[in-house]
Amino acid sequence: MAPAYHLAERVSLAGRNGFRVASRAELFIDVRRAEALPELFAMPYLQRAPLLVLGEGSNTLIVGDVPGVVMAIGGMGREVLARDDDGALLRAGAGERWDDVVAWSLGLGYAGLENLVLIPGLAGAAPIQNIGAYGTEVGEFIQTVEAWDRQVGALVRLDRADCAFGYRDSVFKRDPARWLVTAIELRLPRRHPPRTGYPGLPEELALLGAGDAPRPAQIAEAVSRLRTRKLPNPSMVPNVGSFFRNPVVASAHALDLQRDEPSMPAWAVDDDGALRKLSAAWLIERAGWKGFREGDAGVSAQHALVLVNHGQASGAEMFALAQRVALSVHERFGVWLEPEARIVGARWDAPGARAAFASAAASA
């Protein structure tokens with residue numbers, strides 16, 4: 001049997017972050033089986049050293065080298081735990097590629113994940129970020145997350161309520177030093193009402209001849225075509241997908257902005273209409289950043305929400321560009337953009353866009 005884990009020093013992380021920026025891990029541990037975790041976390045060095053859990057890093061910007069320990073969970077397989085006439089309970093190890101999990105579930109005849117096709121990264125990252133696309137979030141289908149809890153020193157199982165899923169958020173994201181996801185369990189139905197109202201999706205389904213009741217596989221194909229056309233391929237142009245969250249603001253603020261910018265999209269996010277969600281991509285494009293490039297750090301010409309590394313940009317350069325974009329949007333619209341991407345090695349707020357804005361305002 002292969003070793004349960006492997007340790008190495010000064011390991012390059014260039015292949016484990018979406019921007020492919022140069023970075024090294026002081027100590028890298030590749031975990032192949034969850035039963036190795038008690039032994040690893042009993043090591044005195046792991047008990048006192050900083051720990052970064054990193055999969056493919058498809059949603060991660062790394063700024064500089066990483067001190068302490070970087071730990072990756074590899075593979076751990078997929079299986080059907082239970083099935084009945086209505087659906088099934090599927091389990092995927094944290095190191096399984098997310099898109100493979102989606103294709104596997106669809107191939108077994110289960111629905112629900114079709115709108116989440118082609119999202120890069122591993123299954124273990126899905127609940128952390130509560131990944132979502134085209135009107136669907138993974139948290140809707142997660143029944144249980146298995147994770148190592150560093151606070152109690154044991155593998156635990158958290159049900160959906162315990163995960164506290166929110167918009168690109170979860171208990172795992174809010175307390176990353178505590179949790180190490182090892183597996184997810186998904187309750188998927190055989191039949192699920194199709195979600196096809198996202199802009200562009202009905203037209204793509206019509207081109208596929210899907211009719212009024214598209215099958216999950218047809219929705220997955222339509223979403224794949226849209227993503228491929230709208231977003232730069234991370235294997236060709238390194239990026240982490242949507243870098244910023246869509247901001248949520250008071251409805252009064254949104255209406256004030258729409259008086260000056262009638263084309264600005266906004267969506268209600270609560271029943272009483274007190275809050276509205278704005279399009280971060282629209283704000284960034286309107287502020288003039290789409291297609292911007294300085295050195296090798298840039299904003300995609302395909303989609304303003306995507307920052308790209310055209311070659312040799314450093315993590316610090318990508319981070320600085322993100323801050324400049326956020327500051328520019330705030331100066332024009334009075335709206336703060338918060339990163340959807342995970343940032344390692346730098347704080348967004350200090351020094352960051354807010355601090356830079358405060359300094360500029362004080363000197364004005």
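These numbers come from the heavy atoms of this one structure, side chains and all, not from hydrogens, waters or symmetry mates. The chain is numbered in sequence order, starting from 1.
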Are the side chains of [X] and [Y] in touch, meaning some heavy atoms are under 4.5 Å apart?
X	Y	answer
Ile284	Lys290	no
Met71	Leu40	yes
Leu81	Glu185	yes
Trp267	Ser279	yes
Ile219	Asn115	yes
Leu54	Ile62	yes
Glu204	Tyr198	no
Val70	Leu27	no

Counting heavy atoms not belonging to [X], are there more than 12 under 6.0 Å from its [atom1]?
X	atom1	result
Arg227	CZ	yes
Asp272	CG	yes
His310	NE2	yes

Heavy-atom donor-acceptor pair, [X] side chain to [Y] backbone, under 3.5 Å:
X	Y	answer
Asp65	Ser23	no
Ser105	Val102	yes
Gln302	Arg229	yes
Glu338	Phe244	no
Asn239	Val306	no
Arg276	Val269	no
Ser170	Pro127	yes
Ser328	Arg324	no
Asn17	Val21	yes
Gln129	Ala126	no

Grouping I, L, V, M, F, W and Y whenever their side-chain heavy atoms are under 4.5 Å apart, do [X] and [Y] come out in a common cluster?
X	Y	answer
Trp282	Val249	yes
Leu207	Leu201	no
Val11	Val31	no
Ile128	Val156	yes
Val53	Val152	no

[X] to [Y] - nearest heavy-atom pair and separation:
X	Y	value
Met76	Ala34	CE-N, 3.4 Å
Val181	Ala94	O-CB, 3.3 Å
Gln258	Ala266	NE2-CB, 3.7 Å
Trp348	Ala326	CZ2-CB, 3.6 Å
Arg332	Ala287	NH1-CA, 4.2 Å
Ala322	Leu307	CB-CD1, 3.7 Å

Salt-bridge test for [X] and [Y]: reply yes if a basic N is under 4.0 Å from a carboxylate O, no otherwise.
X	Y	result
Arg91	Glu146	yes
Asp86	Arg190	no
Glu261	Arg286	yes
Asp162	Arg160	no
Glu9	Arg24	no
Glu96	Arg78	yes
Glu137	Arg168	yes

Check the side chains of [Y] and [X] for a donor-acceptor pair under 3.5 angstrom, ignoring hydrogens and angles.
X	Y	value
Glu340	Ser242	no
Asp296	Gln312	no
Glu39	Tyr5	yes
Thr182	Trp148	no

side-chain contact (heavy atoms from CB on, under 4.5 Å) partner of Phe19, the single match among Val63, Val308, Val240: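 Running side-chain contact (heavy atoms from CB on, under 4.5 Å) over Val63, Val308, Val240 with Phe19 returns exactly one hit, Val240.
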Cationic tip of Lys173 within the cone over Phe165's six-membered ring, i.e. under 6.0 Å and within 45° of the normal?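 No cation-pi geometry.
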Do Phe243 and His303 have their ring centres less than 6.0 Å from each other?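 No, they do not, as the ring centres are separated by 6.0 Å or more.
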Walk me through it: do Leu106 and Glu114 pass the test side chain to side chain contact (heavy atoms under 4.5 Å, CB included)? CA-CA 7 Å; Leu106 292 172; Glu114 55 272 10; 4.0 Å; yes
I would like to know whether Arg83 and Tyr110 meet side chain to side chain contact (heavy atoms under 4.5 Å, CB included); could you show each step before the answer? CA-CA 10 Å; Arg83 67 178 87 204; Tyr110 301 111; 3.5 Å; yes
Measure the spacing between [atom1] of [X] and [atom2] of [Y] and express it to the nearest 0.5 Å.
X	Y	atom1	atom2	result
Trp104	Asp100	CH2	CG	11.0 Å
Leu255	Met264	CG	CE	8.0 Å
Leu113	His192	CG	NE2	9.5 Å
Leu37	Asp149	CG	CG	12.0 Å
Leu186	Phe141	CG	CZ	9.0 Å
Thr144	Leu89	OG1	CG	7.0 Å

Verify side chain to side chain contact (heavy atoms under 4.5 Å, CB included) between Trp98 and Leu122, making sure each step is shown before the conclusion. CA-CA 5 Å; Trp98 172 253; Leu122 303 181; over 6 Å; no
Given Arg157 and Val145, is the side chain to side chain contact (heavy atoms under 4.5 Å, CB included) satisfied, shown in steps? CA-CA 6 Å; Arg157 293 170 58 81; Val145 173; over 6 Å; no
